[in-house]
There are 2 protein chains.
Amino acid sequence: MTTVQGARARARAEITAAIKDEARRQLAAEGAAKLSLRAVARELGMVSSALYRYFPSRDDLLTALIVDAYDAVGAAAETAHAAAVRAAPGGHLAHWTAVCRAVRAWAVAHPHEYALIYGSPVPGYTAPQDTVGPAARVGLLLVATARAAYEAEGVALPPLPDSLTPEAERLAADLAPDLPPALAVSLVFAWAQLFGLVSFEVFGQFNRIVEDRDAFFATAAERLGREVGLLPGR
Amino acid sequence: MTTVQGARARARAEITAAIKDEARRQLAAEGAAKLSLRAVARELGMVSSALYRYFPSRDDLLTALIVDAYDAVGAAAETAHAAAVRAAPGGHLAHWTAVCRAVRAWAVAHPHEYALIYGSPVPGYTAPQDTVGPAARVGLLLVATARAAYEAEGVALPPLPDSLTPEAERLAADLAPDLPPALAVSLVFAWAQLFGLVSFEVFGQFNRIVEDRDAFFATAAERLGREVGLLPGR
DNA sequence: CTAAAAAGAGAGCACTGCTCTTGCATGCGA
DNA sequence: TCGCATGCAAGAGCAGTGCTCTCTTTTTAG
């Protein structure tokens, strides 16, 4: 039925990957603002107009890099989570902090790609639909971690103010219908706060302020975990 | 002693301000990536090369806008803080949330300027020295709020892990020698987390997830305040 | 084997940041 | 008050950008 892809299709896939690789290199070297289609093409030994056969515009190339970046950080988080579960199946707080640490480690190792997805939206602001799936991976992982803890041992959470009750219920219905609204709210808080900590470190806001970033972040991640009601395993 | 500035200097100040105003307009309309010196000059009826008499490069213009943005958000926060203190001198948690709300309100009203200062570092990454003073205003205000509460009624904070003790002491010595290390650490946590919440809202990460942003943020700000040990006034 | 589809090459348009030279007028010190 | 140095604008020009359009070559599919 589905035959082996012809040589043309294979070449196309290879060239597409080569373009993205070179673009990633320039991204890491100079940042998104200076990523230039012509420079990518030049480096690859092709003429700039040929590149438009693969990506119809510079923004489309950036979108592809964004999707890849979301997938990369999501994969890193999922791998770390799986390893933590294997190491200590009952330590839900440890699973949480493992995910946080993996996100931070990836961000520090790939600052420009991190900036692409969690910094200011670079071009015309509208996130294409292709990005929403990969973008959700880390968030879903945090939800899953909290769910496991909730089902295993429950969670202790501060009460919600009345003003937030409707939003909390809507949020829980959308996000995780099996979890209590207060947990859903705390998860979204922690999600945003986690990336606040990572962004401040990656974007240099901690320069000359925080020195021992590892210890600092470890404590912050644990506090975030406690904020969503996780308890250290026995 | 200091005479009135000559007409030439006054004209220079006016043109400098006009350039920054027009640049801010383009920033708000199109974002930092599309801010163009030539377009600014064109709109002001001058030739592009004349603009270089006022700002030696595009990055210098951006730096000036960054400093102004830090000052604007700092001023907004300080105004809100002063009003909250006037309204309820003993309500330290209310002072805290007032600062948080002011920061968020300014950010939502000026998303592109916010992105300039708390998004990905746009140009060659090195923050010029001129920016560090204005950049610190909001942070210092948070510290001052916590200090007032600490001196008035003390604060209740979770203990620090041993691994963070040296960093915490260094941090407190640098940041606020009169405050306990645990408070200094919690303040930096809350500082980063506050901007994580604001950034996620401004950068669209809450799209299709959080609907009632006001109520959501109000609760988050209060929890951040409690995290640094603030208690609701009587 | 041939017609159609895909890919590359190159020229060209409108734009960008930035530099350099030239001419002008304006505000300053004498 | 006057002369001139200084501050500033104008314009041309360079190298680079995203993107489009043609024209040719290659490859695939029928």
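Each chain gets a letter, A, B and so on, in the order its sequence line appears, and its residues count up from 1.
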Are F216(A) and F189(B) near enough that their ring centres are under 6.0 Å apart? yes
D21(A): what forms a side-chain contact (heavy atoms from CB on, under 4.5 Å) with it, not counting sequence neighbours? R24(A)
Return the orientation label for the F206(B) and W191(A) ring planes: parallel under 30°, perpendicular over 60°, tilted otherwise. tilted
Figure out the CG/C1' separation between L51(B) and dA9(D), and round it to whole Å. 12 Å
Taking R170(B) for its side chain and I209(A) for its backbone only, find out whether a donor-acceptor pair lies under 3.5 Å. yes
Have a look at I15(A) and say if it touches a base, only the backbone sugar-phosphate, or nothing, with a 4.0 Å heavy-atom cut-off. sugar-phosphate
Using whole Å, report how far CZ of R42(A) lies from C1' of dG10(C). 15 Å
In this structure, how many angstroms lie between the C1' atom of dT16(C) and the NZ atom of K34(B), rounded? 13 Å
Find the distance L62(B):CG to dG17(C):P and express it as a whole number of Å. 10 Å
Look at the aromatic rings of F195(B) and Y114(B) and report parallel, tilted or perpendicular, splitting at 30° and 60°. parallel
Check for a donor-acceptor pair, side chain of H81(A) on one end and backbone N or O of A77(A) on the other, with a separation under 3.5 Å. no
For S57(A), enumerate each residue passing the side-chain contact (heavy atoms from CB on, under 4.5 Å) test, keeping only those at least two apart in sequence or located in another chain. D59(A), D60(A)
Which pairs count as salt bridge (charged side-chain N to carboxylate O under 4.0 Å, His left out) when at least one residue sits in residues 208-219 of chain B, sequence neighbours excluded? R104(B)-D214(B)
R12(A) vs dA7(C): side-chain N/O to OP1/OP2 distance below 4.0 Å: yes
Can you tell me how far C1' of dA7(C) sits from OH of Y54(A), to the nearest Å? 6 Å
Side-chain donor-acceptor pair under 3.5 Å between R223(B) and S186(A), yes or no? yes
Students should find that the end-to-end axis angle of the helix from dC1(C)-dG30(D) to dA30(C)-dT1(D), with five pairs defining each axis and rounding to 10 degrees, is 10°
What nitrogen or oxygen pairs link the protein and nucleotides 18-20 of chain D at under 3.5 Å?
{"residue": "dG18(D)", "atom": "OP1", "partner": "L37(A)", "partner atom": "N", "Å": "2.7"}
{"residue": "dG18(D)", "atom": "OP2", "partner": "L37(A)", "partner atom": "N", "Å": "3.2"}
{"residue": "dG18(D)", "atom": "OP2", "partner": "R38(A)", "partner atom": "N", "Å": "3.0"}
{"residue": "dG18(D)", "atom": "N7", "partner": "R38(A)", "partner atom": "NH1", "Å": "2.4"}
{"residue": "dG18(D)", "atom": "O6", "partner": "R38(A)", "partner atom": "NH1", "Å": "2.8"}
{"residue": "dC19(D)", "atom": "OP2", "partner": "Y52(A)", "partner atom": "OH", "Å": "3.4"}
{"residue": "dC19(D)", "atom": "OP2", "partner": "R58(A)", "partner atom": "N", "Å": "2.7"}
{"residue": "dC19(D)", "atom": "N4", "partner": "R38(A)", "partner atom": "NH1", "Å": "3.4"}

Please state how far atom CG in L44(B) lies from atom P in dA10(D), giving the value in whole angstrom units. 11 Å
In this structure, OG of S120(B) is separated from CG of L116(B) (nearest 0.5 Å) by 10.0 Å
Rounding to a whole Å, what distance do you find between R10(A):CZ and dT27(D):P? 13 Å
Please enumerate all protein N or O atoms sitting under 3.5 Å from an N or O of nucleotides 22-25 of chain D, with distances to 0.1 Å.
none

Kindly indicate, with the supporting measurements, whether the criterion side chain to side chain contact (heavy atoms under 4.5 Å, CB included) is fulfilled by L224(A) and T97(A). CA-CA 9 Å; L224(A) 284 180; T97(A) 57; over 6 Å; no
Spacing of F55(B) atom CZ relative to dA9(D) atom P, expressed in whole Å: 13 Å
